[in-house]
J.: 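Handing you this structure, nothing more for now.
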Protein chains: 2
Amino acid sequence: MTEAPASTTGRILHSLRGEILSGAIGPGERLRQEDIAARLGGSRLPVREALRTLAAEGLVEIEANKGARVPVLDRDEVQTLYLMRERLEPLALATSLPRLTASDIDAAEAIQERIEAGVDVIDFLTLDRELHMLTYTGCNDEQLMATIERLWNSTQHYRRAFMESGGPGRAWVINAEHRLLLDALRQGDSEGAELHLLGHIRRTRRELSSALHLFVEE
Amino acid sequence: MTEAPASTTGRILHSLRGEILSGAIGPGERLRQEDIAARLGGSRLPVREALRTLAAEGLVEIEANKGARVPVLDRDEVQTLYLMRERLEPLALATSLPRLTASDIDAAEAIQERIEAGVDVIDFLTLDRELHMLTYTGCNDEQLMATIERLWNSTQHYRRAFMESGGPGRAWVINAEHRLLLDALRQGDSEGAELHLLGHIRRTRRELSSALHLFVEE
DNA sequence: ATGGCAGAGATTGGATCCAATCACAACCCA
DNA sequence: TGGGTTGTGATTGGATCCAATCTCTGCCAT
């Protein structure tokens, strides 16, 4: 997610995805090809290809002759995306665990310590994602990991909006879940790790779903 | 999956996807932009956009300056795709069931009767897919259904190769599983339906995994 | 005979230009 | 005054052209 590709299409794709994930381009916002081409450098052609890719990833939606915009998700859609995470991420974790090294878990714990030391909203989102992705490094299946990243990407905006509007309130819950997850991983306890991960995602889903103010119709 | 779009890009995308799913273009085969443009009508531009979309779907892989080809999956990759189906399709089924009408189930049973009446390999693949997708019609979540369709698409070649090389041998097993699934749906038994579906996908995964001749290195 | 190398043809990547469609505003008429 | 209509600017869709990279063949040297 961090490597910068050489081709123009790859570069524009990378930049656009980053702008959507960072919130610089929010849900409902329109993406004009010429604007993007001028802003990111290049002609409209690589922009169109990048938009096609983003559309297949679910990060934008393209309507024929009417252009691309960032989709506005309602509560049910975000809920389903989280239900998908609840099903797929334990699978990735179980696949990853046998190949996970002690230093992988060390790195994850270092991230957790930074989270507990106190960070702002934007840093938390980045570190939380890094931590979870680190636990999946042993899973080298492209399709599974690509699907999981898509699920994170599609819900990124709502996670950030939730955190910025006060967040979960009880930070210790997240930390306890992370610690339990990492401990289970350390012990090679696949089932335990899967259960803690499931509970972690499930609780987040429920908190997001009850934050109705995130999903007011526009 | 069957509607023919008006735009050139959409038409080419639809045709290319169909050719890959039908086996007209097999794994490892290269896709030259100019060939496709000449064959399907249009310039290379819409072809490139269609290839980008197919790449994001996992139906082709694009290497910079080297073009697109249909990916060759090994046994582990197909296995993981099926494990993903085992996780996601019961979710789609549970979401679908409350909105499923009696006539939906009637239609699915009609398909099952056609399968039992005896069909060739290609018809079976089509009907089997139609049957399962029918059971998901009540699930109107775009992302979940798109992900499931991608999983079917990515594994379509190996399913067909398996069927053509003798298949499961015991056709009654599939029919029993389908009947049990449909019966549970008829009774509104969500848990039972999920279990039968899981068993159905799981058995297919195991049979495919043990058919090593499908995955010889090239 | 075999391995490396060079060059020509093939193929992809990108830019510019033209056509088609859409959105919006001004205008006309009831 | 309000609603429909038409026309113009804005935006997207598609085609052709040029540049960059790759591939593959044939040649040369060892």
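Just so we're on the same page: letters track the sequence lines, and every chain starts at 1.
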J.: Could you pull out all residues at least two apart from A:Glu177 that satisfy side chain to side chain donor-acceptor pair (under 3.5 Å)?
T.: A:His200, A:Arg203

J.: Does any pair with a residue in residues 21-31 of chain B pass side chain to side chain donor-acceptor pair (under 3.5 Å), and if so which ones, sequence neighbours excluded?
T.: none

J.: Applying side chain to side chain contact (heavy atoms under 4.5 Å, CB included), can you list everything that pairs with A:Ser165, at least two apart in sequence or on another chain?
T.: A:His213, A:Leu214

J.: Checking B:Glu57 now: which residues fulfil side chain to side chain contact (heavy atoms under 4.5 Å, CB included) with it, not counting sequence neighbours?
T.: B:Arg17, B:Thr53, B:Leu54, B:Leu59, B:Arg150

J.: Using C1' atoms of five pairs at each end, report the bend of the helix from C:dA1-D:dT30 to C:dA30-D:dT1 rounded to 10 degrees.
T.: 10°

J.: Donor-acceptor pairs under 3.5 Å, side chain of residues 39-48 of chain B to any protein atom, not counting sequence neighbours: which ones?
T.:
| residue | atom | partner | partner atom | Å |
| --- | --- | --- | --- | --- |
| B:Arg39 | NH1 | B:Glu19 | OE1 | 3.0 |
| B:Arg39 | NH1 | B:Glu19 | OE2 | 2.7 |
| B:Arg39 | NH2 | B:Glu19 | OE1 | 3.2 |
| B:Ser43 | OG | B:Leu45 | N | 3.2 |
| B:Arg44 | NE | B:Gln33 | OE1 | 3.0 |
| B:Arg44 | NH2 | B:Gln33 | OE1 | 3.1 |
| B:Arg48 | NE | A:Glu49 | OE2 | 2.9 |
| B:Arg48 | NH2 | A:Glu49 | OE2 | 3.3 |

J.: Could you pull out all residues at least two apart from A:Ser210 that satisfy side chain to side chain contact (heavy atoms under 4.5 Å, CB included)?
T.: none

J.: So what does A:Leu31 hit on the nucleic acid, given a heavy-atom distance under 4.0 Å: a base, only sugar-phosphate, or nothing?
T.: sugar-phosphate

J.: Measure CD/A:Glu63 against C1'/C:dT21 and give the value in whole Å, please.
T.: 13 Å

J.: Reading DNA chain D from 5' to 3', where do the contacts with chain A start and stop? Cut-off is 4.0 Å to heavy atoms.
T.: D:dT11 to D:dG14

J.: Can you list the residues that meet the side chain to side chain contact (heavy atoms under 4.5 Å, CB included) rule with A:Leu97, with sequence neighbours excluded?
T.: A:Leu100, A:Leu185, A:Ser190

J.: Would you jot down, in residue-number order, the residues of residues 37-54 of chain A having a non-hydrogen atom under 4.0 Å from DNA chain C?
T.: A:Gly42, A:Ser43, A:Leu45, A:Pro46

J.: Roughly, in whole Å, what's the span from CZ in B:Arg30 to P in C:dT11?
T.: 7 Å

J.: Mind running side chain to side chain contact (heavy atoms under 4.5 Å, CB included) on A:Arg85 and A:Trp152 for me, showing each step along the way?
T.: CA-CA 8 Å; A:Arg85 285 190 54 194; A:Trp152 279 74; 3.1 Å; yes

J.: If a pair satisfies side chain to side chain donor-acceptor pair (under 3.5 Å) and one of its residues is in residues 137-146 of chain B, list it, with sequence neighbours excluded.
T.: A:Thr80-B:Asp141, A:Ser154-B:Gln143

J.: Where each residue is assigned the nucleotide of DNA chain C containing its nearest heavy atom, which of B:Arg32 and A:Lys66 is assigned the position nearer the 5′ end?
T.: B:Arg32

J.: Identify each donor-acceptor pair in which a side-chain atom of residues 117-127 of chain B lies under 3.5 Å from a protein atom, sequence neighbours left out, and give them as a table.
T.:
| residue | atom | partner | partner atom | Å |
| --- | --- | --- | --- | --- |
| B:Asp120 | OD1 | B:Ile122 | N | 3.4 |
| B:Asp120 | OD1 | B:Asp123 | N | 2.9 |
| B:Thr126 | OG1 | B:Ile122 | O | 3.1 |

